[in-house]
Amino acid sequence: DFRMNSYVFRCPDTVRFVYDKKSGYSKLEYADIPAIREEPFSPPEIETRASAMLYYRPADKKLNNSFWEDFASELFDEGSRATRRNKAIEAAASSIAPPSDPPETRLRKFYDFCRSEIQNTDSDTVVLTAAERKKLPKNKSPADTLKHRKGSAEEINLLFAALAATTRLDTRLAVLNNRNLMIAGPDDVSDFTMYHEVAAVKILGDWSYYDPGQTYLPVGMLPWRYTDTCYLLAEKKKGAIKMMEGAPAEASVQRRRAQFALDASGMLEGDVHITYSGLWEADMKYNYDDRTPEEREELVKNEVTDLLPRAEVTDIKVENASDPLQPLVVSYHMRVPSYAEHTGSRLFFEPAVLQKGTKPLFTSPTRVADIVFDYRYTEDDVVQIKLPEGYELEVRSAPESQNFGQLGFYRVQLGMGEVNHELVYKRLFSIGIMAIAAKHYDLVRTAFEIVHDQDGHLLTLKRNEPEPQETPAASDGN
């Protein structure tokens, strides 16, 4: 027997569902709702707008500590069934990762096996008709998923748990809240958003969490939408809601390496090579994986020309876009006429080539909603620019590095290489916090304004003028 439950967000305390005996319906009325204000990097809509959420829960269950204890116990039983000893699973585990390997090595091999050798039927790249999906084999156990070599993301996670259990390490399940629907702490979490199931393995006294059903996620990481929020670990007794920590900024990095040449006309030309790690790489692969090669190339081209409209982008390559194990690599050749402004004997240009054309992220003088980034991240750029012959830096100035405390940092180095008359620009920008209260908006806006201004740092090249030749003294004929 199920009963409808409701949550009401961003409404006065007096606005609630009221049961009307005459009609037999419950209704909610709220007038004079404030206008919606669109703001970048806002929390989920349900937390920023007047909203109501309706869902069903067993009639005999109330959302209290006892509810979560029962939930954890049921999860424990589910995990125990999934990790029950099975000859096929144990044989596969020994084949994938020999028992002589250290436990952490075996877990990594099991994880990569589940991502690369088991077809994920939830993936966007698996295109099936409704009739074809009906014909998919039914997996009643992890052994079935192994046998059929295909399964849903949840079934793949259960297979990993079964393989991990062969190491005799304590292996359980855990469920995570989806903060893309609702950011929640232990005191306000909802069972409606607490549904994403992953594997948990205890190693040297600490729990590690695994989600191989997310095809492109590196081992040891969880999807960003299920971190910095609540989770529940399977426990036979006394299970309790806890907070899942998110990955640090150095785990999700975009690394861009560029080699350019600037000529005397102001044209910039060269090659850009980009790699990713962690959550950033997973996001990019999900963005690319179900597109054709031509669509991927167009996407890369548009990302460049949106910032530099005059750029000519060629030789575009997107490698390993749908490979779960190999690193994603994006590269292209770029030619930008009149990148540098030419005036008389001088050239003016911005060494932060890869940031040129970007717009400020936060422009409004005020803010209503909290600021929420998807995940902590780091941008790591190295740009080398060969300067035109006959030109020298008029003034050697560099952008100023900044430390923003918990928010992150901005570090820049600018110098001349030892050979090839080459300018070397290095930039590190890192965001180390996921959520910031709206009351601190001025600090965030100021930090991003500083970064944007420093990225626009201008350098001047001056043409070397030939020294005037001395006119020889006239001969007197003697």
*Asks:* Is the Phe409-Phe404 ring centre distance short of 6.0 angstrom?
*Replies:* no

*Asks:* Could you check whether Asp170 pairs with Arg172 (Lys NZ or Arg NE/NH1/NH2 to Asp/Glu carboxylate O, under 4.0 Å)?
*Replies:*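 Looking at Arg172 together with Asp170, the answer is yes, because their closest N to O distance falls below 4.0 Å.
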
*Asks:* Measure from the ring center of Tyr209 to the ring center of Tyr231 and say whether it is less than 6.0 Å.
*Replies:* yes

*Asks:* Would you call Asp101 and Arg106 a salt bridge, taking side-chain N to carboxylate O under 4.0 Å as the test?
*Replies:*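 So Asp101 does not pair with Arg106 through a salt bridge.
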
*Asks:* Any side-chain donor paired with an acceptor under 3.5 Å for His333 and Glu269?
*Replies:* yes

*Asks:* Strictly by modelled atom types, are Asp290 and Thr125 linked by a side-chain donor-acceptor pair under 3.5 Å?
*Replies:*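 On atom types as modelled, these side chains do not qualify, holding no pair under 3.5 Å.
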
*Asks:* Taking the six-membered ring for Trp, are Phe448 and Phe429 closer than 6.0 Å centroid to centroid?
*Replies:*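 Ring centroids of Phe448 and Phe429 are less than 6.0 Å from each other.
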
*Asks:* As an exercise, state the distance from CD of Glu45 to CZ of Phe9, rounded to the nearest 0.5 Å.
*Replies:* 13.0 Å

*Asks:* For Thr171 and Ala161, work out which heavy atoms get closest and say how close.
*Replies:* CG2-O, 3.5 Å

*Asks:* Please round to the nearest 0.5 Å and tell me the distance separating atom NZ of Lys202 and atom CH2 of Trp207.
*Replies:* 6.0 Å

*Asks:* Give a yes or no on whether Arg411 atom CZ has more than 12 heavy-atom contacts from other residues, nucleotides or ligands under 6.0 Å away.
*Replies:*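 Open.
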
*Asks:* Can Glu39 and Arg37 be counted as an ion pair, charged N to O under 4.0 angstrom?
*Replies:* yes

